[in-house]
Amino acid sequence: MSMTMKSIWAGMAIAALAACSPPVENGSTDEVSSAAQGAPEATRFTVLVGGTEIGGMDIQPTEDGYGIEFEYRNNGRGPTITESVTLDESGLPVDWTISGASTFGNPIDESFEYVDSEARWRDATGSDQAIPDGDAFYVPQDASPYWLAIAARALLARDDMSMAAIPGGELRLSEVEQLSVSNGEASRDVTAYGLSGTSENPTYFLMDGSAFFGLITPGFAILEAGYEAEDERLRALAAGYGASRFAEIQSRVAHHYDGPVRIRNVRVFDPETLALGEPVSVVVDGDRVSAIDALDVATQPGETEIDGAGGSLIPGLFEMHAHMGETSAFLNIAAGVTSVRDMGNNNAVLGELITRIEAGEVAGPRVHRSGFIEGRSPFSSNNGILVETEAEAVAAVETYAASGDYIQVKVYNSMNPDWIPAVIEAAHANGLRVAGHVPAFTNANAMIAAGYDEMTHINQVMLGWVLEEGEDTRSLLRLTALRRLPAFDLDSDAVRDTIDAMVANGVAIDPTYAIHEALLLSRNGEVSPGVVDYIDHMPVETQRGARSAWADIATDEDDANYRGAFDQITQTLRMMRDAGVFIVPGTDLGGSFAHHRELELYQNIGMTPAEIIAWGSHGMAEYLGVDDELGSIAPGMLADFFLVPGDPTTDFKDLKTIALVSANGIFYYPTEIYPEFGILPFTDVPAVSQPR
């Protein structure tokens, strides 16, 4: 259930994608209007992930706007969108209709119009209206990436390249650099821009004059047809733009104090006793805890003192199902997640990010890497290493083992089940663990028998109980078939056989509980239950996404079945825990706020807040074999911990409000970080006294 494309499409400025547009000259309203009515520079654009073509976008100019068709498929899913937009003489949308289906199947029926100076719109969150005070640009919730092209032209016509956004925020365009692109026969000069203001990060795209040429991210691009060979270079540029942005933020929010740092008046959580201790002072020297002193020990000359104000000091958390990117790296640190296990990525992009984190150029957690192996098929997830034979699959294992950078391999949906025993044998021979999905046309029991060390996603285990022979889980079926769970008897022999096999073979489960809550319980027009505690602090586009369903819930029966499926998942996890199956907490949602929710949900299966905190910190350090340095706060341990004003051992929600984070002895205050991402802070910065 990798969220790579979900994150790109829904989390990064709705699409973090763009396309080509008609050539116009900068500045003039008449020129924008004229260009909008002329033939576009290109009508076909290619969607690529990691260099692999996965879809396209077609643009058809109309008399006063555009018709657009957009579709891609990665990992067996993706959006299908048809839209029509009408522009006024200033290039601003005055009528916009959008239909189709989102990545996970939620129907799209969005519209926007101006009626007597009033803006009216309908999206997945419901209907609303406003009378803008001057020019304003409607930012669609579920449009194709072409909305960015329309916005760019409108912003280029304004001196300050900014404009109020509907339903909220402000769109801002900034120039990054000029460069040249080639299709192998001819070169063109283009300008790179960043568009920001309604989401957490800028979206980077290229324009030829006023014509939109392409969208670039480190792993994903949409380029004018014929320029696909520029994909790798342009994605590298996008990575560089992001790196520069995050390095600049890091220079302002990462605190490297000279000499030791004394955090005075804190209660340290002990994962062995599951309790907070009496108030003490914790001293950090370099990257390690050097002492834990009684409060009557004075601050020493040369020490920086931070007032802990009687709060709780918690060991750094481990997010065990990450797909790391620059934003999630930074936001995980702000959330006290100081270690992650990456479960599959663009290997080169992740490697570069880890290098920057370790060099201190950007904030980010310690990363434990999984080597992603996927079979090549029309449904492939285009990350890691794609293979077509058993020999290639084994060679992929050997490649990961030889690098020395990976702790395990992860098997994915399109792998031939017949290859799995050889993959597992090669992995174990090289000291690597094996985790993964259940490949199509087999079941969890077969993978357990073959030698999996860990099952990935609870749905991957439970589908084997409700699927018919021959059903293909490389598609959305692996999610939509969960509707069948309420009718299934969890007291059946099939369930007991699977759980018993997991126990007998020591197979752990990485349930990704929170993502199943989002899939099964999100509804259009309602705030998804997993984000209630923080959503009002988030940028406007994140707030809209939180009020939208993921799945196609067309009937009352669908609604009841999806809700019932979540209840069945909860009961299955309770049964697994009671039987002794080891559970590994991770989100597949980017971690950060979602990881707090992931942990919080385990109260549903009988775990106390203190148990959850110990399990999510020291328990995962033990699981990864790094508990000699991480997972607890004691002299000699690495200084990975965070400070919360309240007591999360009695009320888990207190864990979500963090005042300070130490990651490898570098100090961060989330209140300084969050505004960089358009997020309203939650706490004050602690009082800091510089050395005498």
Side-chain angles (χ1 to χ4, degrees), residues 253-317 333-336 338 608-614 616-619 621 627-672 681-692:
V253 304
H255 297 272
H256 301 262
Y257 295 114
D258 293 332
V261 177
R262 181 176 295 268
I263 309 167
R264 180 172 292 281
N265 190 18
V266 291
R267 301 176 66 195
V268 175
F269 178 75
D270 183 347
E272 297 292 337
T273 64
L274 304 181
L276 294 171
E278 293 300 313
V280 295
S281 292
V282 173
V283 182
V284 174
D285 194 353
D287 63 355
R288 293 185 183 268
V289 176
S290 61
I292 297 181
D293 291 338
L295 285 182
D296 59 2
V297 175
T299 297
Q300 302 299 301
E303 290 182 346
T304 295
E305 180 181 296
I306 300 175
D307 183 7
S312 304
L313 208 63
I314 308 297
L317 300 172
I333 288 298
T338 56
T608 68
E611 287 176 321
I612 292 170
I613 295 167
S617 55
H618 187 260
D627 55 305
D628 59 332
E629 293 191 306
L630 295 167
S632 58
I633 303 170
M637 300 294 282
L638 287 166
D640 282 17
F641 53 74
F642 59 99
L643 174 68
V644 299
D647 179 0
T649 67
T650 57
D651 184 349
F652 188 86
K653 291 187 184 301
D654 285 351
L655 188 88
K656 302 180 180 185
T657 305
I658 297 175
L660 170 154
V661 178
S662 172
N664 208 39
I666 301 171
F667 287 83
Y668 298 89
Y669 306 109
T671 293
E672 295 179 344
F682 298 83
T683 65
D684 294 327
V685 175
V688 179
S689 300
Q690 296 297 323
R692 297 194 300 272

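Being a predicted model, the structure only gives us computed values, none of them experimental.
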Does the side chain of Thr657 come within less than 4.5 Å of Val644's, by heavy atoms?
no
Non-hydrogen side-chain atoms of Val284 and Tyr257 separated by less than 4.5 Å
no
Could you pull out the closest heavy-atom pair between [X] and [Y], with the gap in Å?
X	Y	result
Pro279	Asn265	CB-OD1, 3.5 Å
Asp258	Pro691	O-CG, 4.3 Å
Pro670	Ala659	CD-O, 3.6 Å
Val283	Pro260	CG1-CB, 4.1 Å
Ala291	Pro635	CA-CG, 4.2 Å
Leu295	Ser281	CD2-OG, 3.8 Å

Kindly indicate, with the supporting measurements, whether the criterion side chain to side chain contact (heavy atoms under 4.5 Å, CB included) is fulfilled by Thr649 and Phe269.
CA-CA 9 Å; Thr649 67; Phe269 178 75; 3.7 Å; yes
Once rounded to the nearest 0.5 Å, what's the spacing between atom [atom1] of [X] and atom [atom2] of [Y]?
X	Y	atom1	atom2	value
Glu303	Ser689	CD	OG	11.5 Å
Leu317	Leu655	CG	CG	6.0 Å
Asp654	Ile314	CG	CD1	10.0 Å
Thr338	Ile666	OG1	CD1	12.0 Å
Leu274	Thr608	CG	OG1	6.5 Å
Thr671	Ile658	OG1	CD1	10.5 Å

Centres of the Phe667 and His256 rings: under 6.0 Å?
no
Residue pair His255, Tyr669: steps toward the side chain to side chain contact (heavy atoms under 4.5 Å, CB included) verdict:
CA-CA 9 Å; His255 297 272; Tyr669 306 109; 3.5 Å; yes
More than 12 foreign heavy atoms under 6.0 Å from [atom1] of [X]: is that the case here?
X	atom1	answer
Asp651	CG	yes
Gln690	CD	yes
Asp684	CG	no

Give a yes or no on whether the backbone of [Y] and the side-chain of [X] come within a donor-acceptor separation of less than 3.5 Å.
X	Y	value
Arg264	Val280	no
Thr304	Val261	no
Arg288	Gly636	yes
Asp640	Asn664	yes
Gln300	Ala298	yes

Could you name each residue pair satisfying ring pair (Phe, Tyr, Trp, His ring centres under 6.0 Å) that touches residues 641-663, not counting sequence neighbours?
none
Would Leu313 and Arg267 count as a side chain to side chain contact (heavy atoms under 4.5 Å, CB included) here? Give the steps.
CA-CA 6 Å; Leu313 208 63; Arg267 301 176 66 195; over 6 Å; no
SB check Asp293 Arg262 (cutoff 4.0 Å)
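Judged by the 4.0 Å cut-off on N to carboxylate O distance, Asp293 and Arg262 do form a salt bridge.
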After noting the C-alpha distance and the side-chain angles of Ile306 and Leu660, does the key distance pass the side chain to side chain contact (heavy atoms under 4.5 Å, CB included) rule?
CA-CA 10 Å; Ile306 300 175; Leu660 170 154; 3.7 Å; yes
My understanding is that only one of Pro271, Ser662, Pro315 makes a side-chain contact (heavy atoms from CB on, under 4.5 Å) with Ile633; could you say which?
Pro315
